Amino acid sequence: MQLYIANKNYSSWSMRPWVLMRHFDLPFEEVMLRFGKDSPSDPKSPFKNAILRISPAGRVPVLVDGDLVVWDSLAIAETLAERVPQHPLWPREARSRARARSMCAEMHSGLGALRRELPMNIELHMPEIGPRRLAESPELRADVTRVVAMWSGALDASGGPFLFGTFGIADAYFAPVASRFRSYGVSLPAPVQAYADRVRQTAAFAAWVEDALVEHEFVADDEPYRTAPAR
């Protein structure tokens with residue numbers, strides 16, 4: 001299998017299946033398509049031209065397995081869960097599995113203020129930004145409150161250490177959020193902070209971060225990216 005991704009410093013959607021596959025030791029070849037200095041959404045950018053040759057959706061991540069092309073991070077996760085049923089990518093118990101799917105779908109289609117106002121930037125460490133933006137944005141406060149509620153509810157029901165007991169798709173899906181909270185100094189309740197710390201301490205997460213920190217390639221036209229100090 002080949003997994004097409006973008007810059008590890010920025011691409012939260014790429015991070016999700018990469019961390020999942022790395023955690024479960026699923027063999028794959030990483031293919032990096034770098035954003036470069038153009039906007040990734042620019043139809044004339046080298047990045048857009050490169051990914052369109054792989055997938056008509058024109059976005060990363062993309063999983064290629066022979067002549068099968070799977071785009072979209074959630075579709076990739078579902079495909080992997082079917083391919084390796086011996087691994088508990090989703091919870092084994094049906095009710096927990098439905099809840100995990102619901103949480104991933106909400107992250108996938110919602111929480112827009114969180115993604116917009118606290119963008120993925122692993123190299124960034126500016127803990128003063130999060131409290132300021134939370135104070136200014138009711139939408140961001142609502143999104144952070146919602147994430148805390150989802151994490152707390154899942155941890156209370158499962159007993160931890162991860163959302164549904166063992167590490168799975170839901171944890172990989174929220175791994176970029178754990179990174180954002182750390183980058184921007186978002187204060188969390190102690191049990192939720194402990195969970196975010198556990199996610200960041202997994203070997204797969206640490207491997208992604210290690211690669212991201214050596215990229216030093218900045219996306220144009222985004223002030224937080226251009227001013228980000230290395231941590």
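All of these numbers come straight from a predicted model, not from anything done at the bench.
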For the atom pair [atom1] ([X]) and [atom2] ([Y]), what is the distance rounded to the nearest 0.5 Å?
X      : Y      : atom1 : atom2 : result
Lys48  : Phe35  : NZ    : CZ    : 9.5 Å
Arg99  : Met150 : CZ    : CE    : 10.0 Å
Leu111 : Asp143 : CG    : CG    : 4.5 Å
Ile76  : Ser14  : CD1   : OG    : 8.5 Å
Leu140 : Leu114 : CG    : CG    : 6.5 Å
Tyr10  : Met15  : OH    : CE    : 15.0 Å

Smallest separation among heavy atoms of [X] and [Y], with atom names:
X      : Y      : result
Ser183 : Leu124 : OG-O, 3.2 Å
Arg34  : Met32  : CG-CG, 3.6 Å
Leu188 : Gln193 : CD1-OE1, 3.7 Å
Leu80  : Met21  : CD1-CG, 3.5 Å

Beyond-backbone contact of [X] with [Y], side-chain heavy atoms, under 4.5 angstrom:
X      : Y      : value
Tyr184 : Pro119 : yes
Leu3   : Pro61  : yes
Arg180 : Arg115 : yes
Ile5   : Trp13  : no
Met1   : Leu63  : yes
Trp208 : Ile122 : yes
Val144 : Arg141 : no

Quick one: which residue pairs count as a salt bridge (charged side-chain N to carboxylate O under 4.0 Å, His left out) with a foot in [range], not counting sequence neighbours?
range            : result
residues 3-21    : Lys8-Glu30, Lys8-Asp211
residues 146-165 : Glu106-Arg146
residues 187-198 : Asp197-Arg200
residues 51-71   : Asp65-Arg83

* To do: Name all residues meeting the side chain to side chain contact (heavy atoms under 4.5 Å, CB included) criterion together with Pro189; count only those two or more places apart in sequence or in a different chain, and write none if there are none.
  =>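 Pro189: side chain to side chain contact (heavy atoms under 4.5 Å, CB included) contacts with Val148, Pro191, Val192.
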* Of all residues at least two apart in sequence or in a different chain, which pass the side chain to side chain contact (heavy atoms under 4.5 Å, CB included) check with Ala75? ->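 Per chain and number, Ala75 pairs via side chain to side chain contact (heavy atoms under 4.5 Å, CB included) with Val70, Asp72.
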* To do: Find out if a path of hydrophobic residues (ILVMFWY) with successive side-chain heavy-atom gaps under 4.5 Å connects Phe162 to Val84.
  =>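 The answer is yes; both residues are in one hydrophobic cluster.
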* To do: Determine, using the 4.5 Å side-chain heavy-atom cutoff (strictly less than), whether Val31 and Val214 are members of one ILVMFWY cluster.
  =>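 Each belongs to a different hydrophobic cluster.
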* Asked: Okay, side chain of Arg97, backbone of Arg92: is any donor-acceptor separation there less than 3.5 Å?
  ->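 The answer is yes, because a donor-acceptor pair under 3.5 Å joins these two groups.
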* **Polar side-chain atom of Ser137 near backbone of Arg133 as donor-acceptor pair, under 3.5 Å** =>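 Not a single qualifying donor-acceptor pair exists.
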* To do: Just jot down the ring-ring contact (aromatic ring centres under 6.0 Å, His included) partners of Tyr4, sequence neighbours excluded, or say none.
  =>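 None.
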* Could you walk me through whether Phe164 and Met103 pass side-chain contact (heavy atoms from CB on, under 4.5 Å), step by step? => CA-CA 11 Å; Phe164 294 91; Met103 290 174 61; 3.7 Å; yes
Using salt bridge (charged side-chain N to carboxylate O under 4.0 Å, His left out) as the criterion, list what pairs up with [X], not counting sequence neighbours.
X      : result
Glu78  : Arg101
Glu139 : none
Arg22  : none

* To do: Kindly state each residue pair satisfying ring-ring contact (aromatic ring centres under 6.0 Å, His included) with at least one member in residues 59-104, sequence neighbours excluded.
  =>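 Sorted result for residues 59-104: Phe24-His87.
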Donor-acceptor pairs under 3.5 Å, side chain of residues 167-177 to any protein atom, not counting sequence neighbours: which ones?
unit_1, atom_1, unit_2, atom_2, d
Asp171, OD1, Leu163, N, 3.0
Asp171, OD1, Tyr195, OH, 2.7
Asp171, OD2, Gly168, N, 3.0
Tyr173, OH, Ser73, OG, 2.8
Tyr173, OH, Leu74, N, 3.4

